[in-house]
Amino acid sequence: MSVKLLKYIVSNSCIRSRVHNMKYMSTVNNDKPIKVTFNKANGDKIIAEGKKGDSLLDVIINNNLDFDGYGACEGTLTCSTCHVILDSKDYDALPDKPSDEELDMLDLAYNLTDTSRLGCQIILEEKLDGLEVKVPATVNDARD
Ligand code: FES
């Protein structure tokens, strides 16, 4: 093996290693756990973790949480069973306001409040770490 070829291999290996490490660091930052507390109507408080980009529905599914009937349409904005209620401070802090489609679906939810949202439309980001939501006792599946 020539010295030139050996230098090329070592150089490329170092570059690949650095790129791999940068990707790893990026992945680690994106996967930083974001804590969410679900307060059920019966008084149960369930604390779960998600990651940036997860919806509240993803957090419930990925943690195998038992929320009867929750997320029936799997986030396709056709059921309203993922209704959650936030306090006004957290509601105002959400990065995205509800779309017209979400508002239409919320109109069909039981126990609607001024700070209601659909859990499948709340996307986690780091600043939402510690978010608390109330989960109403009853759900309305708008598809029925
Ligand atoms: S899961 Fe059906 S509207 Fe959110």
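Numbering of ligands and ligand atoms starts at 1, following listing order.
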*Measure the shortest side-chain to side-chain distance between L131 and L56 over non-hydrogen atoms and say whether it is less than 4.5 angstrom.*
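Yes, their side chains come closer than 4.5 Å.
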*State plainly whether one hydrophobic cluster holds both L124 and L65, where clusters connect Ile, Leu, Val, Met, Phe, Trp and Tyr through side-chain heavy atoms under 4.5 angstrom apart.*
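As far as the 4.5 Å side-chain criterion goes, L65 and L124 are connected within one cluster.
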*Full working for side-chain contact (heavy atoms from CB on, under 4.5 Å) between R117 and L94*: CA-CA 10 Å; R117 290 292 305 264; L94 293 178; 3.4 Å; yes
_E132 and N39: side chain donor to acceptor below 3.5 Å_ =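 A pair is found: one side chain offers a donor N or O, the other an acceptor, under 3.5 Å apart.
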*Taking S55 for the side chain and Q121 for the main chain, is one N or O donor matched with an acceptor at less than 3.5 Å?*
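Such a contact is absent between S55 side chain and Q121 backbone.
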*Does the ring of F38 carry K45 above it, NZ/CZ under 6.0 angstrom from centre and within 45° of its axis?*
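No; the conditions do not both hold, so K45 does not lie above the ring face of F38.
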*Sorted by chain and residue number, which protein N/O/S atoms are under 2.8 Å from atom 4 (Fe) of ligand 1?*
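Listed by chain and number, the atoms are C82 SG, C120 SG.
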